[in-house]
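This report refers to the structure that appears directly beneath it.
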There are 2 protein chains.
Amino acid sequence: MQHKKLTDYPRPSVAVDVAVLTIRDDVLQVLVVEHRLGGLALPGTFLREKEVLAGAAARALREKAGLSDVAFTQLHVFDALDRDERGWVLSVGHSAALAANRIPADALLIPIVDGAPAERLLFDHNGIARLAVEALQSHYGRILDPANLAGDVITVRQLRRVYEAVYGRALMKDTFRRIVTPHLTSTGETGNDFGRPAELFRKTAGSVLPPSAWATFSAGRPSL
Amino acid sequence: MQHKKLTDYPRPSVAVDVAVLTIRDDVLQVLVVEHRLGGLALPGTFLREKEVLAGAAARALREKAGLSDVAFTQLHVFDALDRDERGWVLSVGHSAALAANRIPADALLIPIVDGAPAERLLFDHNGIARLAVEALQSHYGRILDPANLAGDVITVRQLRRVYEAVYGRALMKDTFRRIVTPHLTSTGETGNDFGRPAELFRKTAGSVLPPSAWATFSAGRPSL
DNA sequence: CAAATAGTGTCTTTTAGACAGTATCGC
DNA sequence: GCGATACTGTCTAAAAGACACTATTTG
């Protein structure tokens with residue numbers, strides 16, 4: 001073969017960074033770690049020999065944040081030549097979402113305000129976190145609580161609070177209930193935060209919401 | 001610093017592949033090229049020293065398909081270890097959309113059927129093309145003909161045909177007109193294909209469609 | 001004239017949005 | 001009882017879907 005061999009091509013280092021989103025105090029938050037260069041950053045690592053991106057992402061979360069068994073979505077490759085002063089590094093941004101009870105108590109969480117982290121992170125990690133929030137909103141608009149942020153047995157109110165945190169805006173009580181109830185099955189039990197006890201439901205696994213649901217949740221914001 | 005240097009990490013080859021979509025004969029099509037390994041593939045190339053992904057994508061289109069001045073969107077990284085038998089290669093899939101008159105006459109086009117190419121492509125390129133179609137649909141649901149597939153001066157019918165090609169389904173005449181007309185300005189002229197001449201319009205640049213528009217266009221298909 | 005398409009009007013159905021009213025708890 | 005929340009029902013307004021009717025061209 002008269003073509004170059006693969007090894008003749010220059011090859012960049014490839015990093016993986018993961019924006020782990022969760023809900024604490026009814027607010028969407030992103031998990032960050034102290035970076036050895038000083039400052040806050042998303043947990044990340046370099047890709048190892050013949051390692052798959054999802055593997056590297058899982059390893060980064062295990063080593064840097066003490067998390068395991070996390071599901072990811074790949075978001076975007078950040079490839080600015082000057083994004084890392086140490087050299088030519090591509091970073092593949094990932095997104096994950098976990099219920100608060102799966103996050104270690106000592107983890108650093110930065111609140112999401114207006115779709116972006118409230119603090120400055122290193123590198124282009126603010127951008128990765130923003131994309132992660134958009135991806136989460138998009139996912140939640142199509143499937144009912146796909147990351148199970150609300151938990152298994154819930155009231156409609158609890159579920160709505162999760163959606164309000166994800167979309168960063170108040171949702172209407174009645175409309176939300178109408179959208180959601182067809183995908184819930186009552187357990188017969190009732191639970192209670194305050195006031196009249198609410199019916200407890202279990203979500204129908206992987207419920208697909210109508211296309212209008214996303215429009216309703218993100219109304220007033222034609223962007224994304 | 002007691003850490004490894006960047007060059008100590010193993011590094012994969014990085015390829016870039018681009019799914020160029022266009023509309024020919026009222027059907028969405030994807031541009032492919034003959035691959036030297038035999039078979040059809042998306043135009044692609046390997047990333048060069050300190051080259052940016054968009055640069056490599058532009059170069060691939062120029063060298064392999066004779067296209068220039070094309071706007072891309074990055075889609076996804078394909079990282080299966082066995083996706084290229086020549087070695088460890090990550091491929092960053094990209095998407096672009098161009099009006100038919102910007103595509104060379106001798107280009108190979110494969111029709112898109114049910115959101116995927118009608119023929120088998122090499123590697124995981126069918127998957128890249130599928131993602132490209134989804135991205136195009138999503139983009140067209142938010143902005144009015146953002147890739148200008150319809151052309152500058154158009155009738156409502158021509159614009160609808162473009163949308164029907166993008167979504168692969170018939171759209172309703174009246175509803176489509178209602179969604180679209182607020183974002184069109186009449187040129188005063190009329191043109192005609194057949195029958196009564198239609199009013200010619202110019203699109204308001206970068207018109208943002210209401211969130212419900214996407215729901216309407218993709219009705220009946222809650223997936224994506 | 002017929003055939004074909006453009007454009008307008010309107011009716012129905014659906015549904016988001018809003019609100020009122022009743023129910024059931026803790027205190 | 002009071003405060004708070006859960007649920008149900010209903011009204012309105014807006015928008016999608018559907019259809020009819022008129023208008024204007026080609027052949």
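- In this structure, A/Met172 places its CE atom 12 Å from C1' of C/dT15, rounding to the nearest Å.
- Aromatic pair A/Tyr140/A/Phe217: centroids not less than 6.0 angstrom apart.
- Partners of A/Thr45 according to the side-chain hydrogen bond (donor to acceptor under 3.5 Å, both in side chains) rule, which considers only residues two or more places apart in sequence or in another chain, are A/Arg59.
- Here A/Ser186 pairs with A/Glu199 under the side-chain hydrogen bond (donor to acceptor under 3.5 Å, both in side chains) rule; sequence neighbours left out.
- Note on A/Thr155: nothing from the nucleic acid sits closer than 4.0 angstrom, heavy atoms only.
- If B/Gln158 and B/Arg178 are placed on DNA chain C by their nearest nucleotide, the residue sitting closer to the 5' end is B/Gln158.
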Pairwise N/O distances under 3.5 Å, protein to nucleotides 20-26 of chain C:
residue, atom, partner, partner atom, Å
C/dA23, N3, A/Arg196, NH1, 3.1

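- Computed from coordinates, the B/Phe201 CZ to C/dA6 P distance equals 11 Å when rounded to whole Å.
- Scored by the side-chain hydrogen bond (donor to acceptor under 3.5 Å, both in side chains) test, B/Ser91 finds B/Asp17 as partners (sequence neighbours excluded).
- Taking atom CD of residue B/Glu199 and atom P of nucleotide C/dT5, one finds them 19 Å apart after rounding to whole Å.
- Not a single side-chain hydrogen bond (donor to acceptor under 3.5 Å, both in side chains) links A/Glu34 to another residue, sequence neighbours left out.
- A straight line from CG of B/Leu184 to C1' of C/dA6 spans 14 Å, rounded to a whole angstrom.
- Checked against salt bridge (Lys or Arg N to Asp or Glu O under 4.0 Å), A/Arg157 has no partners two or more places apart in sequence or in another chain.
- Atom CH2 in A/Trp214 sits roughly 19 Å away from atom P in C/dT15 (whole-Å rounding).
- When distances are taken from the side chain of A/Thr175 to each of C/dG7, D/dG17, C/dG17, the shortest belongs to C/dG17.
- Between the CZ atom of B/Arg157 and the C1' atom of C/dA6 there is a distance of 10 Å, rounded to whole Å.
- C/dG9 atom P lies 11 Å from atom CZ of B/Arg177, rounded to whole Å.
- The closest donor-acceptor contact from the side chain of A/Asn126 to the backbone of A/Glu119 lies under 3.5 Å.
- Note: CG (A/Leu200) to C1' (D/dC7) measures 14 Å, nearest angstrom.
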